[in-house]
Every structure is written in structure tokens, then in C-alpha cells.
2 protein chains.
Amino acid sequence: MMKIFTIGEVAKELNLTVYTLRYYDKEGLMPFVERAANGTRLFKESDIGALKIIECLKASGMPIKEIKNFIDWCSDGDSTLQKRYDMFMERKATVEAQMEELKKTMEVIEHKCFYYKTALDAGTEDIHKTDKIEIPIPN
Amino acid sequence: MMKIFTIGEVAKELNLTVYTLRYYDKEGLMPFVERAANGTRLFKESDIGALKIIECLKASGMPIKEIKNFIDWCSDGDSTLQKRYDMFMERKATVEAQMEELKKTMEVIEHKCFYYKTALDAGTEDIHKTDKIEIPIPN
DNA sequence: GTAAACCCTATAGTCAACTCTAGGTCAAGC
DNA sequence: GCTTGACCTAGAGTTGACTATAGGGTTTAC
């Protein structure tokens, strides 16, 4: 009925290595994953969902130790709802800031693309350097 | 006439530490910075400009070794114009990809903000879980 | 004239996030 | 029944990017 996945299958699905998944587990990011009698991890569909959230937090630049805090809060139930809400609101703000930052980075890069396009057309970078030569004020 | 800056001034201006700047120098990112007789680095206005480009490349996710390649190309003159153009075009593509990625991350985070907002209003996370209870098909 | 506040090099240490190795278990296929 | 391949743990090693320390030199402020 409920499909169970091995660590290898989950790794493939999420584009991670099994090493990484085991490392996350060791760091306490996956307390919800159950085990077979022999120790083999048994991933449920919902575990993969949780890992996707972890990946999202990682993509937002959150360090693993902070992600662990969040996971702990999830285990603690409703008493931590406010904390979790606040955390996501804060994440939202930092991602917004990152977007702004990236936009600025993009502007500089686009300017450089243009710079090198014209230099390439002219065959030399000097075309930009001569731009900047200060014209001596005639008497 | 032409203002010269110390490593400390440059560090402050670019929000880096002097350690970081010296580390960059050691990694070959600043071959253009001249030295006083006693070894003190003398930064020109244009050096700060170059460092801003380096910061931009760093912000785009480029590792320091690759930035060094670019700096080397700059020292090699016009023969490397094509490489440099190609590099910035590639950077542009990766930054675009990062923006896409961030947008997806943002969507998930916003969804979670909403999820926790409603949970908080309801006083329990169960409001979302009960959503998903499969209604047993009556006979 | 000396202490503070810079500068320098060389080298060691730190940190996060993996990544791999050694040594072992277990199930499936031939 | 034994090899192959996937799983396990504990722990060591790697990488990138700093960050700090030790030891030493100059310039500035009192």
C-alpha cells in the first residue's frame, strides 16, 4: 500500500548522494525516518517531502545546524508553531535580500558582457581605456 | 593627485577583512597591486574597481581559482578577450539559473509562511493534517 | 623615546559540508 | 554456496574560504 524507499532511491530522487543523506541523518535532520530490524533506513513518501523542505531551506542559505533546530521544533509539536512561522518569515526576508543582491550582480555582469562584446568587435580592450583619457584642457 | 589606499582602507570600503584581502593576494587575485619599498601594498582607485569585479564574480558563485584564471587572462591582454567574453556570458547564464532557483525556493517558503499562519490561527497544525485524511469509501 | 596602531610574511587553525574508507551484514541471482 | 550489490556504522580525509597567530618592521601621537 504505502511505498517504502531505500536510501539509494531517495538519493537519486533528490539528486544527493547516499553519503549526504547519511550525513544529514547523523546531524539530526531526519529523526522521522524509520528503520528495519537490521538498521536499514525506510523512507516514506512523507519523509521525502520533509527532505524537500530541508533542501529548500538549504537553498535559502540556511546552515544545517539551524535546519536541525527547525526539525526539532517540528518534533515538539504545536508549542513551536510561532517559532516556525517566524523562521519562515525570516527566511522569506533573507531570500528577498539574496534576490536583490543577485540582481545587482547580474547588472554588473551584463555590463561586462557588453564591455567585452565591444572590445571584441574592436579587436582591443583599448577602446574602453581611451574612453577614460582625460582631455587636457586647452589654454 | 592619484589617491593611494592602504589595505585597511580597502578592507573597510569593500566590507572585507585585511586577512581576506591578503588571502586573495596570495591566491593571485591581485597581481596588479603595487608595493612600497618596504612591502606595503599600495591600492589605486582602479585596483578597488578590479576588486569590485572580483566581489561580483564571487557573488555569482565563482570559486576563487576560477576568478584567478580570469585575472590571469586580464594580464595576458587582448588575446584573451574571447575567453573573457565567453566567461561573462556563462556567468550570466548561471546567475539566471540561480535566480530561477531562488524563485522556486521563495515559492515554497511563501507556501510555508501561509501554512504556519493558518496553523497558528487555528492553534494547531492538525488543521493541515486533517485535510489529507482519506475519506473511507462508504459501502 | 616609546607605545599604539598600522603594515608585512609564513604558517597553522577553523568551519561547514560533505566524501570516502574500513569493516561488517544481508538478500538475490546463478 | 558464493559472488554481487546494496545496506549499515564509525571515523578519517578533503575542500574551499577564510581567520588567526607569531614574529617582525614603520610611522604617528604624545
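Convention: sequence-line order gives letters A, B, ...; per-chain numbering from 1.
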In B/S/- notation (B base, S sugar-phosphate only, - none; protein heavy atoms under 4.0 Å), nucleotides 11-26 of chain C written 5' to 3' is B----SBBBBB----S
Interface limits on DNA chain D, where chain A has a heavy atom under 4.0 Å of a nucleotide atom:
dC7(D) to dG11(D)
Sequence neighbours excluded, which residues qualify as salt bridge (Lys or Arg N to Asp or Glu O under 4.0 Å) partners of Lys58(A)?
Glu55(A)
I need the Lys26(B) NZ to Ile64(B) CD1 distance, nearest 0.5 Å.
12.0 Å
Run the salt bridge (Lys or Arg N to Asp or Glu O under 4.0 Å) test against Asp72(A) and tell me which residues pass, sequence neighbours left out.
Lys68(A)
Rounded to whole Å, how long is the line connecting atom CZ of Phe43(B) with atom C1' of dC6(C)?
14 Å
Using a cut-off of 4.0 Å on non-hydrogen atoms, how would the nucleic acid contact of Arg41(A) be classed: base, sugar-phosphate, or nothing?
sugar-phosphate
Answer yes if the ring centres of Tyr115(B) and Tyr85(A) are under 6.0 angstrom apart, and no otherwise.
no
Charged N to carboxylate O below 4.0 Å: is that the case for Asp76(A) and Arg84(A)?
no
Sorted by chain and residue number, the salt bridge (Lys or Arg N to Asp or Glu O under 4.0 Å) partners of Glu34(B) (sequence neighbours excluded) come out as Lys44(B)
Tell me whether Glu27(B) is salt-bridged to Lys65(B), with the criterion being a basic N under 4.0 Å from an acidic carboxylate O.
no
Set of salt bridge (Lys or Arg N to Asp or Glu O under 4.0 Å) partners for Lys83(A), sequence neighbours left out:
none
Think Arg22(B) has a side-chain N or O under 4.0 angstrom from the OP1 or OP2 of dC6(C)?
no
